[in-house]
Structures are given as structure tokens and as C-alpha cells.
Participant: 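First, the structure itself, so that you have it in front of you.
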Amino acid sequence: MKYQKMSKPLISVIIPVYNVETYLEACIKSVLMQSYDDLEILLVNDGSSDTSGEICDLYAEKDSRIKTIHKKNGGLSSARNTGLDHAAGEFICFVDSDDIIHPQFISILFGSLDGSDMAFCSYQTFEEDTPKDFHILDDFAAKTYQGQDMLSQIFSFKYPLLVIACNKIYKRQIWERIRFPLNKIHEDEFVVHLILDQCHFIKFVNHPLYYYRQRAGSVMTAASNRNAILNKMEAFALRRDFFLDRDMESDAQKLNDEILYRCLMATVDKDNPIWQDIGIRTIIFKSGLPVKARILLLVKKKLYGIYLILVGLLRKKKL
């Protein structure tokens with residue numbers, strides 16, 4: 001597709017901000033450098049305790065397209081939802097405040113829409129050195145998919161490209177009745193099926209226009225890692241039920257296997273409500289997991305104390 005200028009509606013760019021004083025300016029500058037300039041840039045300061053809030057105010061004074069919203073700390077989902085509540089644009093983008101975007105990120109994704117409901121792109125990871133040299137694209141390929149088909153490809157289509165919220169542009173209407181769940185890790189996993197279900201057509205641009213920063217030395221604590229596992233399993237259970245309501249049984253089965261795989265972990269204890277809802281027949285007859293895994297799940301279901309001993313032995317063997 002040849003890149004061409006189009007009529008320019010307002011596009012809202014929502015940037016949740018929390019204690020990122022080291023990286024925030026690079027993020028904001030990458031948005032200000034967009035070749036598409038009819039933007040509303042919402043900096044949602046989520047109760048930062050460093051100078052992030054002051055940096056937001058400074059840039060808001062410099063550029064009238066920037067609006068700073070200061071709020072009490074509530075987490076990433078709360079900040080994104082606040083941005084959605086204040087957004088005035090016909091289209092929505094999310095950018096995380098330690099990441100950056102290609103100068104044509106918005107113009108290419110918006111230009112690729114051509115009546116579709118959402119467009120997304122590939123991403124590229126980086127660490128401390130912020131990318132500065134960008135290849136400017138004169139043309140690009142945009143492939144069209146049906147939203148209902150993509151519902152079945154959440155795992156298979158270059159996971160997690162479909163799941164993450166930040167490599168996309170959305171029609172505003174998609175978010176009218178959708179908000180991110182509060183106090184969850186992997187919040188994108190909770191809403192991706194709801195978003196895709198709202199889309200008739202989706203465009204994919206196979207260029208890395210979003211740059212995701214991997215912070216060196218950022219290690220999850222044991223508690224946050226445990227919550228990440230449990231939250232993702234909860235999101236999968238909700239999506240499985242969503243698929244079952246739509247008679248998408250094969251897709252529900254894939255999610256059931258993902259849930260059962262996580263149930264192998266000691267993190268999921270015997271009192272976990274999702275684990276308690278899984279019956280023995282499901283483990284034996286409705287699981288695609290290897291036989292050894294199913295046996296371990298049956299031991300966990302009927303002989304929990306022995307299961308804990310086996311898991312302990314397996315851990316020692318790995319060490």
C-alpha cells in the first residue's frame with residue numbers, strides 16, 4: 001500500500017505515567033515527533049512519587065496538544081481507564097511511558113485502516129539505548145483479517161501481538177463499553193477477546209513501529225510472579241467461558257489446556273476457585289496435555305499432600 005495523506009480526525013494517545021522520570025521524556029518526544037499531528041496526548045500521572053508529574057506539566061506547557069491528568073495511584077488499568085474517560089478523539093492509541101514509537105506509527109496505522117475497526121503492527125524490543133535512527137517508509141503492506149477469525153488466533157498469531165494494547169489504533173466506539181480490570185497483572189489478557197469481538201475487520205502492518213523497553217535488572221518479586229500466574233489463569237477462564245457462550249468449543253478447549261497447564265504449578269493451591277471447578281472427567285477426557293501431566297493433575301485433585309511432595313522433588317531435580 002502506498003503511503004498517502006488522508007483526512008485527519010483527532011486521535012487520542014493515552015500514556016499512563018508512574019515513576020518513569022528516567023524514560024518519560026523519550027516517550028513523549030517520540031509522540032510529538034509523529035508525522036500525523038492532529039493528536040490529543042493524555043499524560044495520566046498515576047500518583048508518581050518522583051518527578052514524572054512535573055515532567056508531564058512541563059511538556060503540557062510547551063505543546064497545547066498535551067493534557068496532564070494527575071490522579072491518586074491506582075495502577076496501570078486505572079490510569080488507562082482514566083485516559084479513556086477523558087479522551088475526545090475519534091481513534092485511540094495507548095503508549096506505555098517507558099516505551100517509544102516510530103515517527104510514522106500513527107500515520108501508518110491510521111492510513112492502513114481503510115474502514116477497518118482496528119489496526120496493529122509488530123514491535124521491537126530494546127534495553128537502555130533508546131533507538132534514534134528510524135527507517136522512514138514510503139509504502140507498506142497491510143493485510144486484512146476478520147475480527148471473528150482473529151478471536152481464534154489470539155495464541156497462534158505471533159503471540160502476544162494480538163493481546164498487547166499498545167501496538168494498535170482503535171476506533172473509539174470499541175472502548176465505549178470496555179475498560180481494563182483494576183488491580184490485575186496481564187490486564188490486556190482480560191479484554192482482548194472483548195475487543196476482537198467488536199471488530200468486523202482488522203488490519204495488520206508487519207513492520208516494528210512500536211518499541212518496547214526491556215528494563216535491565218527488572219525482576220518480578222515472588223509475590224508479583226505468583227499474582228501474574230493467577231491473574232493470567234483468571235483471564236483465560238473468563239475467555240474460555242466467553243468462547244463457550246458462543247459455541248466456540250475448540251477454542252475453549254485450547255484455553256482449558258492453558259488453564260490446566262498452570263494448575264500443574266504449586267502456585268495454584270487446592271482452594272483456588274478455578275481449580276476447584278475443574279472436574280476429574282475434564283482432566284482425563286477433555287485435556288490435550290501429556291499423560292504424565294494429567295496424572296500429576298489427578299494426584300493434585302485427590303491426594304494433595306502427595307502432589308506437594310512430588311512437586312518438591314521435581315524442583316530439587318531441576319536444581
Side-chain angles (χ1 to χ4, degrees), residues 1 6-16 27 30-31 34-44 65 67 76-97 99 101-102 104-123 140 142-151 153-154 157-181 186-210 212 235 239 242:
M1 180 182 293
M6 304 181 68
S7 59
K8 299 174 75 173
L10 184 67
I11 296 176
S12 295
V13 182
I14 298 171
I15 306 177
C27 175
S30 76
V31 179
Q34 292 298 295
S35 56
Y36 188 103
D37 56 6
D38 283 8
L39 302 176
E40 173 192 58
I41 304 167
L42 299 173
L43 302 176
V44 185
R65 296 175 298 171
K67 299 176 183 176
L76 177 59
S77 289
S78 174
R80 284 180 177 173
N81 291 344
T82 298
L84 285 168
D85 293 341
H86 286 79
E90 294 181 44
F91 297 87
I92 303 287
C93 294
F94 297 99
V95 179
D96 282 348
S97 53
D99 299 337
I101 53 178
H102 186 284
Q104 294 171 288
F105 171 79
I106 293 174
S107 60
I108 287 178
L109 288 187
F110 174 69
S112 73
L113 280 171
D114 192 26
S116 296
D117 303 287
M118 182 183 88
F120 69 112
C121 64
S122 302
Y123 68 88
F140 59 92
K143 192 167 182 178
T144 305
Y145 296 90
Q146 291 190 12
Q148 293 303 307
D149 290 341
M150 294 305 264
L151 266 174
Q153 297 184 51
I154 292 173
F157 192 93
K158 302 183 180 184
Y159 184 85
L161 275 188
L162 269 173
V163 175
I164 55 179
C166 289
N167 62 333
K168 299 174 175 67
I169 187 169
Y170 313 82
K171 281 186 176 178
R172 178 191 179 88
Q173 291 90 330
I174 289 175
W175 292 96
E176 290 298 326
R177 293 185 294 174
I178 299 174
R179 290 295 185 269
F180 292 97
H186 298 303
E187 60 287 325
D188 298 346
E189 295 277 9
F190 284 81
V191 299
V192 59
H193 55 287
L194 303 177
I195 292 166
L196 296 176
D197 191 52
Q198 298 255 353
C199 296
H200 296 291
F201 293 101
I202 296 168
K203 291 293 182 72
F204 173 56
V205 178
N206 195 18
H207 290 286
L209 304 174
Y210 190 92
Y212 169 74
R239 196 186 308 159
F242 175 89

Participant: If you round to the nearest 0.5 Å, how far is OG of S116 from CD1 of I169?
Facilitator: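 The CD1 atom of I169 sits 11.5 Å away from the OG atom of S116.
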Participant: Evaluate the side-chain contact (heavy atoms from CB on, under 4.5 Å) criterion for residues L196 and M118: first the C-alpha distance (whole Å), next the side-chain angles of each, then the deciding distance (0.1 Å), finally the verdict.
Facilitator: CA-CA 9 Å; L196 296 176; M118 182 183 88; 4.0 Å; yes
Participant: Hey, is the main chain of I92 close enough, under 3.5 Å, to the side chain of S12 for a donor-acceptor pair?
Facilitator: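 Side chain of S12 to backbone of I92, a donor-acceptor pair under 3.5 Å: no, none is there.
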Participant: Between F204 and S122, is any pair of side-chain heavy atoms under 4.5 Å apart?
Facilitator: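 Sidechains of S122 and F204: in contact.
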Participant: List the steps, then state whether side-chain contact (heavy atoms from CB on, under 4.5 Å) holds for F140 with Q104.
Facilitator: CA-CA 11 Å; F140 59 92; Q104 294 171 288; over 6 Å; no
Participant: First locate atom CD1 of I164, then atom CD of E189, and finally report the distance between them rounded to the nearest 0.5 Å.
Facilitator: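 The CD atom of E189 is 10.5 Å from CD1 of I164, to the nearest 0.5 Å.
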Participant: Shortest non-hydrogen contact from C166 to F105?
Facilitator: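 Minimum heavy-atom separation between C166 and F105: O-CZ, 3.7 Å.
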Participant: Closer than 4.0 angstrom, basic N to acidic O: yes or no for D37 and K8?
Facilitator: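 Looking at K8 together with D37, the answer is yes, because their closest N to O distance falls below 4.0 Å.
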Participant: Roughly how far, to the nearest 0.5 Å, is the NE2 atom of H102 from the CD1 atom of I108?
Facilitator: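 Here the rounded value is 6.0 Å.
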Participant: How many angstroms lie between atom CZ of R65 and atom CG of L10, to the nearest 0.5 angstrom?
Facilitator: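 Rounded to the nearest 0.5 Å, the CZ-CG separation comes out at 10.5 Å.
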Participant: To the nearest 0.5 Å, how far apart are SG in C93 and CD1 in I41?
Facilitator: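 One gets 11.0 Å once the value is rounded to the nearest 0.5 Å.
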Participant: State whether the side chain of R239 and the backbone N or O of V192 hold a donor-acceptor pair below 3.5 Å, judged by distance alone.
Facilitator: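 The answer is no, because no donor-acceptor pair under 3.5 Å joins these two groups.
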Participant: So, do F180 and F94 have ring centers that fall under 6.0 Å from each other?
Facilitator: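 Close enough - the centres of the two rings lie under 6.0 Å apart.
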Participant: Quick check: closest heavy atoms across F120 and L161, and the distance to 0.1 Å?
Facilitator: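 Closest approach of F120 to L161, heavy atoms only: CD1-O, 4.0 Å.
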Participant: Evaluate the side-chain proximity of N206 to K158: yes if any heavy-atom separation is below 4.5 Å, no if none is.
Facilitator: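 The answer is yes, as the side chains (C-beta and beyond) meet within the 4.5 Å cut-off.
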Participant: Kindly say whether F110 contributes a backbone atom to a donor-acceptor pair with the side chain of K203 at under 3.5 angstrom?
Facilitator: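 Absent.
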Participant: Would you confirm whether R172, through its side chain, and G89, through its main-chain N or O, come within 3.5 Å as a donor-acceptor pair?
Facilitator: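 Yes, R172 side chain to G89 backbone: donor-acceptor pair under 3.5 Å.
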Participant: Y36 and L109: side-chain contact (heavy atoms from CB on, under 4.5 Å), yes or no, with the steps?
Facilitator: CA-CA 10 Å; Y36 188 103; L109 288 187; over 6 Å; no
Participant: Of the non-hydrogen atoms in I202 and M150, which two are nearest, and what is the gap between them?
Facilitator: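 What the structure gives for the nearest pair is CD1-CG, 4.0 Å.
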Participant: Treating E40 as the side-chain partner and A88 as the backbone partner, does any N or O pair qualify as donor plus acceptor under 3.5 Å?
Facilitator: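 Yes; at least one donor-acceptor contact below 3.5 Å.
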Participant: Are any non-hydrogen side-chain atoms of Q198 and I178 less than 4.5 angstrom apart?
Facilitator: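 When only atoms from C-beta onward are counted, I178 and Q198 do touch, with a gap below 4.5 Å.
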Participant: Kindly check if the number of other-residue, nucleotide or ligand heavy atoms within 6.0 Å of OH (Y212) is above 12?
Facilitator: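 Check fails, neighbour count at 12 or below.
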Participant: Can any side-chain N or O of S77 pair as donor or acceptor with the backbone N or O of P181 at less than 3.5 Å?
Facilitator: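 Confirmed, S77 side chain pairs with P181 backbone.
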Participant: Closest heavy-atom contact between I11 and I106?
Facilitator: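 Where I11 meets I106 most closely, the heavy atoms are CD1-CG2, 3.6 Å.
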Participant: Please examine the side chains of D99 and Y123, heavy atoms only from C-beta on, and report whether any two atoms are closer than 4.5 Å.
Facilitator: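 Side chain of Y123 against side chain of D99, heavy atoms only: no contact under 4.5 Å found.
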Participant: Kindly give the heavy-atom pair with the smallest separation between F91 and P9, and that separation in Å.
Facilitator: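 Taking every non-hydrogen atom into account, CE1-CG, 3.6 Å.
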Participant: Determine yes or no for a side-chain-to-main-chain donor-acceptor pair under 3.5 angstrom, with R179 supplying the side chain and W175 the backbone.
Facilitator: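 Yes; at least one donor-acceptor contact below 3.5 Å.
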Participant: With heavy-atom distances below 4.5 Å as the criterion, would you say the side chains of T82 and H86 are in contact?
Facilitator: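 SC-SC contact between T82 and H86 confirmed.
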Participant: Evaluate the side-chain proximity of F201 to Q146: yes if any heavy-atom separation is below 4.5 Å, no if none is.
Facilitator: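 Q146 reaches F201 side chain to side chain.
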Participant: Within this structure, what is the SG-CG distance for the pair C27 and L43, rounded to the nearest 0.5 Å?
Facilitator: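 Answer rounded to 0.5 Å: 8.0 Å.
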Participant: Identify whether the distance between the nearest side-chain nitrogen and carboxylate oxygen of K168 and D117 falls below 4.0 Å.
Facilitator: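 D117 and K168: not salt-bridged.
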Participant: Would the distance check show the side chain of N167 and the main-chain N or O of C121 forming a donor-acceptor pair, the cut-off being under 3.5 Å?
Facilitator: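 Yes, the answer is positive, given that a donor and an acceptor are paired below the 3.5 Å cut-off.
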Participant: Counting distance only, does the side-chain N/O of S30 pair as donor-acceptor with the main-chain N or O of I101 below 3.5 Å?
Facilitator: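 Confirmed, S30 side chain pairs with I101 backbone.
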Participant: Of all the heavy-atom pairs spanning L84 and I14, show the shortest one and how long it is.
Facilitator: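 Shortest heavy-atom separation between L84 and I14 comes out as N-CD1, 3.5 Å.
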